Novice: 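Below is the structure I would like to discuss, written out as structure tokens.
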Amino acid sequence: MDLGYNTSSSGREEAIIKRRKRKKTTKKKQLPLPTPELSKETNEHGRTRHVPHTTGLWSGHLYIDVTIPEEAALLSQAEGWTPSTGSPHLSLSKQLYLHEDEIAAVAKGVGSLNLPPVFDLSFSELDCLINEEKTTRFLVIKTTSPALVVLVEEIDRVLKKLSLPTFFKDPSFHVSIATSDFGSTPALPPSPKPFTVRVKSIMLVAGNKYHCFPLPDPEEDS
């Protein structure tokens with residue numbers, strides 16, 4: 001005697017099993033995550049911008065202009081190194097990203113500082129430094145001076161008030177003259193003849209805006 005319900009129950013179970021099997025074998029396609037585009041603009045100091053470009057946000061920093069005597073002769077002996085682009089300079093801040101009002105605020109703050117008087121910097125020692133991202137090696141000429149420490153401390157006070165990044169905790173003051181990939185290890189060329197640079201001003205650049213801050217010169221004031 002066929003009661004009928006066993007057959008229909010069996011059919012429903014088979015249909016359920018088939019649907020489950022189809023769900024297990026069906027794979028959803030995953031779309032690749034979008035990769036943010038980075039602006040890699042290089043300014044006249046050879047600094048490369050590695051942050052997303054934002055309208056109204058300008059890359060900048062504070063620095064001292066430096067002239068290196070016989071720079072071409074020195075670079076000709078730097079095998080395996082690529083000469084840095086832009087003019088030689090000594091940085092007094094990290095790379096900053098500033099809005100229009102922040103540029104004006106930094107300029108106003110630095111302009112109101114009690115800057116040290118004109119001073120001399122002596123250069124002679126070559127060294128190799130690595131950037132924070134560990135992507136690039138820099139061939140540099142090092143220097144030191146108590147006046148540089150004072151300048152950085154004063155500039156950091158201004159940047160800190162504006163919630164901007166301050167300079168490195170234990171800075172190694174230098175002028176970069178060439179670069180190489182982090183993976184390579186080119187040798188250091190012979191050190192240059194010692195030379196001296198008289199520092200009469202510091203500079204702020206942000207985008208295409210430049211601000212010059214002269215240091216007090218006792219000789220001119222006398």
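No experiment lies behind these values; they were computed from the predicted model shown.
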Novice: Please say whether more than 12 non-hydrogen atoms of neighbouring residues, nucleotides or ligands are located less than 6.0 Å from CG in Asn114.
Specialist: no

Novice: Between Asn131 and Thr135 (side chain of the first, backbone of the second, donor and acceptor by atom type, cut-off under 3.5 Å), is there such a pair?
Specialist: yes

Novice: Between the side chain of Ser84 and the main-chain N/O of Ala178, is any donor-acceptor distance below 3.5 Å?
Specialist: yes

Novice: Consider only side-chain heavy atoms of I, L, V, M, F, W and Y, link residues closer than 4.5 Å, and tell whether Phe213 and Leu162 are in one cluster.
Specialist: yes

Novice: Apply side chain to side chain contact (heavy atoms under 4.5 Å, CB included) to residues Leu139 and Cys128 and explain how you reach the verdict.
Specialist: CA-CA 5 Å; Leu139 176 62; Cys128 173; 5.8 Å; no

Novice: Find out whether Leu57 and Tyr97 are in side-chain contact, i.e. whether some heavy atom of one side chain is under 4.5 Å from a heavy atom of the other.
Specialist: yes

Novice: Compare every heavy atom of Pro116 with every heavy atom of Leu151, then report the nearest pair and how far apart it is.
Specialist: CD2-CD, 3.6 Å

Novice: Work out which heavy atom in Gln77 is nearest to a heavy atom in Pro189; give both atom names and the distance.
Specialist: O-CB, 3.4 Å

Novice: Sort and list the pairs that fulfil salt bridge (Lys or Arg N to Asp or Glu O under 4.0 Å) and have at least one residue in residues 75-92, not counting sequence neighbours.
Specialist: none

Novice: Go through it in stages, so that I can follow the logic: the residues are Ile155 and Ile202, the test is side chain to side chain contact (heavy atoms under 4.5 Å, CB included), and I'd like the CA-CA distance, side-chain angles, deciding distance and then a yes or no.
Specialist: CA-CA 11 Å; Ile155 290 170; Ile202 63 175; 4.2 Å; yes

Novice: What heavy-atom pair brings Pro88 and Ile68 nearest, and what distance separates the two atoms?
Specialist: CB-CD1, 4.0 Å

Novice: According to ring pair (Phe, Tyr, Trp, His ring centres under 6.0 Å), does anything in residues 113-155 pair up with another residue at least two apart or in another chain? List the pairs.
Specialist: Phe123-Phe195

Novice: Are there more than 12 heavy atoms of other residues, nucleotides or ligands under 6.0 Å from atom CD of Glu70?
Specialist: no

Novice: Applying side chain to side chain contact (heavy atoms under 4.5 Å, CB included) to His61 and His89, what does each step give before you reach the verdict?
Specialist: CA-CA 11 Å; His61 66 125; His89 65 280; 3.6 Å; yes

Novice: Test of understanding: clusters of I, L, V, M, F, W, Y form through side-chain heavy atoms closer than 4.5 Å, transitively. Do Leu92 and Val150 belong to the same one?
Specialist: no

Novice: Looking at every non-hydrogen atom in both residues, tell me the closest pair between Leu126 and Pro192 and how far apart they are.
Specialist: CG-CD, 3.8 Å

Novice: Give a yes or no on whether the backbone of Pro186 and the side-chain of Ser184 come within a donor-acceptor separation of less than 3.5 Å.
Specialist: no

Novice: I need the Glu71 CD to Ser76 OG distance, nearest 0.5 Å.
Specialist: 11.0 Å

Novice: Should Val197 and Thr67 be marked as a side chain to side chain contact (heavy atoms under 4.5 Å, CB included) after you check the CA-CA gap, both sets of side-chain angles, and the distance that decides it?
Specialist: CA-CA 7 Å; Val197 172; Thr67 299; 5.7 Å; no

Novice: Which distance, rounded to the nearest 0.5 Å, do you find between the CG of Leu115 and the CG of Leu215?
Specialist: 6.0 Å

Novice: Do Leu204 and Val110 make a side-chain contact, defined as non-hydrogen atoms from C-beta onward lying under 4.5 Å apart?
Specialist: no

Novice: Do Leu74 and Ile141 come within less than 4.5 Å of each other through their side chains, counting heavy atoms only?
Specialist: yes

Novice: Any chance you could lay out the side-chain hydrogen bond (donor to acceptor under 3.5 Å, both in side chains) test for Glu125 and Ser191, step after step, and finish with the verdict?
Specialist: CA-CA 6 Å; Glu125 181 186 357; Ser191 294; over 6 Å; no

Novice: Answer whether the closest heavy-atom distance between the side chains of Trp81 and Leu75 falls below 4.5 Å.
Specialist: no

Novice: Determine the minimum heavy-atom distance between Ser176 and Val140, stating which atoms define it.
Specialist: CA-CG1, 3.9 Å

Novice: How about Glu100 and Trp58: does a side-chain donor come under 3.5 Å of a side-chain acceptor?
Specialist: yes

Novice: Flag the pair Glu102 / Leu164 as yes when at least one side-chain heavy-atom distance between them is below 4.5 Å, and no otherwise.
Specialist: yes

Novice: How would you list, by chain and number, every residue that makes a salt bridge (Lys or Arg N to Asp or Glu O under 4.0 Å) with Glu132, sequence neighbours excluded?
Specialist: Lys94

Novice: Test of understanding: clusters of I, L, V, M, F, W, Y form through side-chain heavy atoms closer than 4.5 Å, transitively. Do Val149 and Leu159 belong to the same one?
Specialist: yes

Novice: By the ring pair (Phe, Tyr, Trp, His ring centres under 6.0 Å) test, which pairs, at least two apart or in different chains, include something from residues 157-193?
Specialist: none

Novice: Measure across Asp65 and Ser87 and return the closest heavy-atom pair with its distance rounded to 0.1 Å.
Specialist: OD1-OG, 4.3 Å

Novice: Going by heavy atoms in the side chains, are Thr196 and Leu121 under 4.5 Å from each other?
Specialist: no

Novice: Which residue pairs pass the salt bridge (Lys or Arg N to Asp or Glu O under 4.0 Å) test with at least one member in residues 137-164, sequence neighbours excluded?
Specialist: Asp127-Lys142, Glu154-Arg157

Novice: Side chains of Leu148 and Thr144, heavy atoms from C-beta outward: is any pair under 4.5 Å?
Specialist: no

Novice: Which residue pairs satisfy the salt bridge (Lys or Arg N to Asp or Glu O under 4.0 Å) criterion with at least one member in residues 174-199, sequence neighbours excluded?
Specialist: Asp120-Arg198

Novice: When you compare the side chain of Ile177 with that of Pro83, does any pair of heavy atoms fall below 4.5 Å?
Specialist: no

